[in-house]
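All values reported here derive from a predicted model rather than from experimental measurement. Excluded from the calculations below are hydrogen atoms, water molecules and symmetry mates; all remaining heavy atoms, backbone and side chain alike, are included.
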Amino acid sequence: MESSQHTAPHPLPEGPIHPGGGRRIDWRRYFAPVGAVLLAIAKLGAKAKALIFLLPKLKLFTTAGTMLVSVGAYSLIWGWRFAAGFVLLLLVHEMGHVIQLRREGVKASAPMFIPFLGAVIAARSFGGNALAEARVGLAGPVLGSLGAAAVAALAFATGSDLLRALAFTGFLLNLFNLLPVVPLDGGRAMAALSPWMWIVGFAGLVALTVLLPNPIMVLILLFAGLETWRRWQVRKSPEQQAYYRVSPHARILVAATYLVMIGLLALGMTATHLPRTFGDA
C-alpha cells in the first residue's frame, strides 16, 4: 500500500506583503516599546534636573549638606567620630542664635557650615537695638555651653576620652566666641555695654593671633578689624546712638551673664582637660 506523507504549510505571519516577495516586517511593533522606555527615561531625567536645581534652595539640604562637607574636612585631621561630634556641637551653638533671633522677631536662615571657619546664619538684622543684639550674641554660647556640658556628663558617666575631648573642645569653642570683639558673640554682647570694649577685645585678639599664629586666626583678625572699624566710624550718628542706648539695669544683666559664662566655661575646660602624653605607649 502506497503511502504518502503530506506536510502542511507553515502559517504565514500576518502583515502586508513585501513587494520583493515574502512578508514585510512592521518595525513599529518593535520600536514602540523602545520609544516608550526612552520617553520615560527622558521624563525622569527632566524631573531629576528640576530636583537638582531645587535642592540648593532647600534649607534642610543646605544645612545637612554643608554639615557633611565640614565633617569630611575635619575628619582629615581628627577622624570622623570626633569630626561628627564637633560639627554637632557647632550646630547646637548656632541654633542658640537662630532661636533667639526668631524670638526677637527677626527671620533667620538655617545655619550654613564653612569648614575651619565655623558656621554662618543669614539675618537682616540682630534685633532693633543693642540689647537685642547682645541677647542674640549670648544665646549661642549659652546653648552651646549646655550642649558641651551634656557631652561632659556623658563622658564622665561612660569614661570615654573621646567624649571628654569633645566636651573640652565645646567649652573652648564657646569661650573663644566670647572674646569682646565683633563679629564674635562677645562683641555683640559688648554692644550693650560700651563700644570702647571692642578696642580692648581687638587688642586681645591681636595678642592671641601673635601667640597662636595660623591662617584661620589671621582671617578672623582681618574680619574683626574691618567690622570694628566700620562700627567705630558710625558710632556717633544719631541712629547709632539710639541703637546703643541701653538701660543701666539691662547693662548689669548683660555684664553679669557675660562674666558668669566666662567663669563657667573656664571651669568646664579645667574639668574636661586631658593631659597629652607624647611618647607614652
Side-chain angles (χ1 to χ4, degrees), residues 70 73-74 77-78 86 89-90 93-94 96-97 113-121 126 130 133-145 148-149 152 165-236 240 244 246 251-252 254-276 278:
S70 292
Y74 295 131
I77 303 174
W78 301 319
F86 179 70
L89 285 174
L90 278 176
H93 175 103
E94 293 301 323
H97 295 311
F113 291 79
I114 305 172
F116 308 111
L117 285 178
V120 294
I121 295 169
F126 290 96
E133 183 178 355
R135 288 194 294 259
V136 171
L138 290 172
V142 168
L143 192 59
S145 299
L166 271 173
F168 176 87
T169 306
F171 290 133
L172 175 61
L173 167 72
N174 288 282
L175 184 59
F176 175 80
N177 270 279
L178 284 176
L179 282 172
V181 57
V182 287
L184 298 179
D185 299 332
R188 303 199 184 284
M190 289 303 102
L193 300 181
S194 172
W196 283 99
M197 293 299 297
W198 295 333
I199 306 300
V200 177
F202 186 73
L205 189 60
V206 171
L208 188 60
T209 305
V210 172
L211 292 173
L212 301 171
N214 66 73
I216 303 302
M217 286 298 299
V218 172
L219 195 59
I220 292 173
L221 183 64
L222 176 62
F223 287 144
L226 292 174
E227 180 67 8
T228 301
W229 177 251
R230 184 189 69 80
R231 290 199 179 201
W232 187 257
Q233 288 291 94
V234 300
R235 74 190 188 284
K236 290 187 177 180
Q240 292 300 308
Y244 292 116
V246 179
R251 289 181 189 271
I252 293 172
V254 170
T257 303
Y258 181 79
L259 294 174
V260 168
M261 285 292 302
I262 290 176
L264 291 177
L265 286 168
L267 287 174
M269 288 179 62
T270 301
T272 55
H273 178 260
L274 281 170
R276 302 186 68 175
F278 294 103

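- The shortest side-chain heavy-atom distance between Phe171 and Leu267 does not fall under the 4.5 Å cut-off.
- Here the CG atom belonging to Leu173 is positioned 6.0 Å from the NE2 atom belonging to His93, to the nearest 0.5 angstrom.
- Counting heavy atoms from C-beta on, the side chains of Pro180 and Arg188 never come closer than 4.5 Å.
- You'll find the side chain of Asp185 stays beyond 4.5 Å of the side chain of Leu138, heavy atoms only.
- In this structure, Ala192 and Ala134 approach most closely via the heavy-atom pair CB-CB, 3.7 Å.
- Atom-to-atom distance recorded for Asn174:CG and Leu264:CG is 11.5 Å, nearest 0.5 angstrom.
- Among the candidates Leu205, Val181, Leu179, the single residue satisfying the side chain to side chain contact (heavy atoms under 4.5 Å, CB included) test with Ile220 is Leu205.
- Nearest heavy-atom pair, Tyr244 versus Ala130, reported as atom, atom and distance to 0.1 Å: CD2-CB, 3.6 Å.
- Between Leu89 atom CG and Leu172 atom CG the span is 11.5 Å, to the nearest 0.5 Å.
- Across all their heavy atoms, Gly118 and Leu90 have their closest contact at CA-CD1, 4.3 Å.
- Interatomic distance, Leu226 CG to Trp229 CH2, rounded to the nearest 0.5 Å: 11.0 Å.
- Atom-to-atom distance recorded for Ile77:CD1 and Phe86:CZ is 10.0 Å, nearest 0.5 angstrom.
- The shortest non-hydrogen separation linking Leu208 to Phe176 is CD2-CE1, 3.8 Å.
- Looking only at side-chain heavy atoms (C-beta outward), Val182 and Arg230 stay at 4.5 Å or farther from each other.
- Scanning all heavy atoms of the two residues, the minimum distance from Ala148 to Ala167 falls at O-CB, 3.6 Å.
- The shortest distance between side-chain heavy atoms of Ile121 and Glu94 falls below 4.5 Å.
- Nearest heavy atom pair, residue Tyr258 against residue Gly186, reads CE1-CA, 4.0 Å.
- Heavy atoms of other residues, nucleotides or ligands lying less than 6.0 angstrom from CZ of Phe116 number more than 12.
- The OG1 atom of Thr169 sits 9.0 Å away from atom CE of Met269, with the distance rounded to the nearest 0.5 Å.
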